[in-house]
> 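Please find one structure pasted underneath; my questions will follow.
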Amino acid sequence: MLSVLLPTDFSENSKNAITYALELYKNEDCKFHFLHCYPPVIFSYEYQIEKGLIGKDIHKILQEESKERLYEFALSLMRKHGMEQEFEVEVVKGFLPDRISRAVSDNNIDLIVMGTKGETDSDRVIFGSNTTQIINKRCCPVIAVPDDYKFAGLENILFPSDLNLSFKHKHFQPILKILELHKSNIKVLHISMQELTSLQKIHKEFIKETFTDYKTTYDILEEKNIADVVYDYQQEHKSELLVMINNKHSFFENLFFKPTISKIAMHLQTPFLVIPA
């Protein structure tokens, strides 16, 4: 059974990401874990008097109210999308990036699906701080869903790679699950200014072997600006999911988190699956 973690701050962006997850895994045997984190707060004495909270465990009350709200939120979405899978809700005090690792460990989470921004709905913000921190924790694969992206099938997956990483079977499990569910095609894109090294050729053969049961295309493009090539390739070749493996050595960071924001990050239009190496 697949375990999917769905963090939410009740914003429209997080609701949209959850809707995407429910559609993506509609026909999969899985369990959805809805998680809400509320920050530690200190209530003024005047506020406690006004609300009749003197002598009461305010945080316990807040947690219970939030859990009830989260349950109703989750139940309404499950019913709306005709979902029959198991789900559970959890409300914790703290900040989301700090609580994600524990939630992943406690619930044997296979995948996190979340919005790219959360409450920070600004055109000048590409990835919200929560999304960025959670991706960089590398504790679990993450699908980040852009604002207002609506699931309408998944025909093609784009997988750019510099072929320098020594791939393992676990890296490809989230991709294989999606390929199996949606009978998708996968496009492997390599950008390089030189011929493949012997090690890169080995890695390419590993990819071919992994995806042998699925329709796979391979493109090698010669270009210096990796980010622009990936973006332009997406415009010319339809894909509904961008997949990357995030290691500590720059390929992923060059595309998204360098000081000079890349074209692909600025104009991200499809969900992207980030798999920790």
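These numbers come from a predicted model, not from an experiment.
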> Under 4.5 Å between side-chain heavy atoms, hopping through other hydrophobics if needed: is there a path connecting Leu75 to Leu77?
yes
> Could you report the tightest heavy-atom contact between Thr270 and Tyr149, atom names first, then the distance?
CA-CE1, 4.0 Å
> Which distance, rounded to the nearest 0.5 Å, do you find between the NE2 of His33 and the NZ of Lys31?
5.0 Å
> Would you check, one step at a time, whether the test side chain to side chain contact (heavy atoms under 4.5 Å, CB included) holds for Ile18 with Phe34?
CA-CA 9 Å; Ile18 291 171; Phe34 290 78; 3.7 Å; yes
> What pairs with His203 under ring-ring contact (aromatic ring centres under 6.0 Å, His included), at least two apart in sequence or on another chain?
Phe167
> Show me, pair by pair, the donor-acceptor contacts under 3.5 angstrom made by side chains of residues 178-191, not counting sequence neighbours?
residue	atom	partner	partner atom	Å
His182	NE2	Leu24	O	2.8
Lys183	NZ	Glu180	O	3.3
Ser184	OG	Leu154	O	2.6
Asn185	ND2	Asn156	OD1	3.1
His190	ND1	Ser161	O	3.1

> What closest approach, in Å, do Cys37 and Gly94 show between heavy atoms, and which atom pair accounts for it?
CB-O, 3.7 Å
> Quick one: are Val142 and Phe272 in side-chain contact, heavy atoms under 4.5 Å?
no
> If you count heavy atoms of other groups shown closer than 6.0 angstrom to CD of Glu68, is the number above 12?
no
> Where is the tightest heavy-atom contact between Leu22 and Met83, given as atom of each residue plus distance?
O-CE, 3.3 Å
> Hey, mind stepping through Asp9 and Asn130 against side chain to side chain contact (heavy atoms under 4.5 Å, CB included) and telling me if it holds?
CA-CA 11 Å; Asp9 53 11; Asn130 281 345; 5.7 Å; no
> Looking at every non-hydrogen atom in both residues, tell me the closest pair between Val4 and Tyr25 and how far apart they are.
CG2-CD1, 4.4 Å
> Quick one: are Leu165 and His171 in side-chain contact, heavy atoms under 4.5 Å?
yes
> Whether the Asn13 and Ser11 side chains hold a donor-acceptor pair (N or O, under 3.5 Å, no angle test) is what I'd like checked.
no
> Sequence neighbours excluded, which residues qualify as ring-ring contact (aromatic ring centres under 6.0 Å, His included) partners of Phe10?
His36, Phe73
> Begin with the C-alpha distance, continue with both residues' side-chain angles, and end with the deciding distance and a verdict on side chain to side chain contact (heavy atoms under 4.5 Å, CB included) for Leu242 and Val230.
CA-CA 10 Å; Leu242 177 64; Val230 173; 4.3 Å; yes
> Could you grab the distance from atom CG of Asp147 to atom OG1 of Thr116, nearest 0.5 Å is fine?
4.5 Å
> Output a table of donor-acceptor pairs, distance under 3.5 Å, between side-chain atoms of residues 97-115 and any protein atom two or more places apart or on a different chain; print 'none' if there are none.
residue	atom	partner	partner atom	Å
Arg99	NH1	Lys93	O	2.7
Asn107	ND2	Ala103	O	2.9
Asp110	OD2	Ser3	N	2.8

> Would a hydrophobic clustering, with Ile, Leu, Val, Met, Phe, Trp and Tyr connected at side-chain separations under 4.5 Å, put Ile202 with Ile220?
no
> Kindly say whether Glu240 contributes a backbone atom to a donor-acceptor pair with the side chain of Glu155 at under 3.5 angstrom?
no
> CD/Glu90 to CG/Leu70 distance, rounded to the nearest 0.5 angstrom?
9.5 Å
> Check ring-ring contact (aromatic ring centres under 6.0 Å, His included) between Tyr233 and all other residues, then give those that pass, not counting sequence neighbours.
His237
> Please round to the nearest 0.5 Å and tell me the distance separating atom OH of Tyr71 and atom CZ of Phe87.
4.5 Å
> Can you name the nearest heavy-atom pair linking Met244 to Pro160, along with the distance?
CE-CG, 4.1 Å
> Say you draw a straight line from CD1 of Ile245 to CG of Leu273; how long is it, rounded to the nearest 0.5 Å?
9.0 Å
> Are Asp29 and Gln85 linked by a side-chain donor-acceptor pair shorter than 3.5 Å?
no
> Compare all side-chain heavy atoms of Lys150 with those of Asn16 and state whether any distance is below 4.5 angstrom.
yes
> Phe172 and Tyr218: same hydrophobic cluster, using ILVMFWY side-chain contacts below 4.5 Å?
yes
> Shortest non-hydrogen contact from Thr197 to Gln200?
N-OE1, 2.9 Å
> Measure the CD-CG distance between Glu205 and Leu163 for me, rounded to the nearest 0.5 Å.
10.5 Å
> My understanding is that only residues two or more places apart in sequence, or in another chain, count here; which of them pass ring-ring contact (aromatic ring centres under 6.0 Å, His included) with Tyr214?
none
> Is the closest side-chain heavy-atom distance between Lys168 and Phe206 below 4.5 Å?
no
> For Thr216 and Lys208, run side chain to side chain contact (heavy atoms under 4.5 Å, CB included): C-alpha distance rounded to whole Å, both residues' side-chain angles, the deciding distance at 0.1 Å, then the answer.
CA-CA 8 Å; Thr216 310; Lys208 282 187 174 182; over 6 Å; no
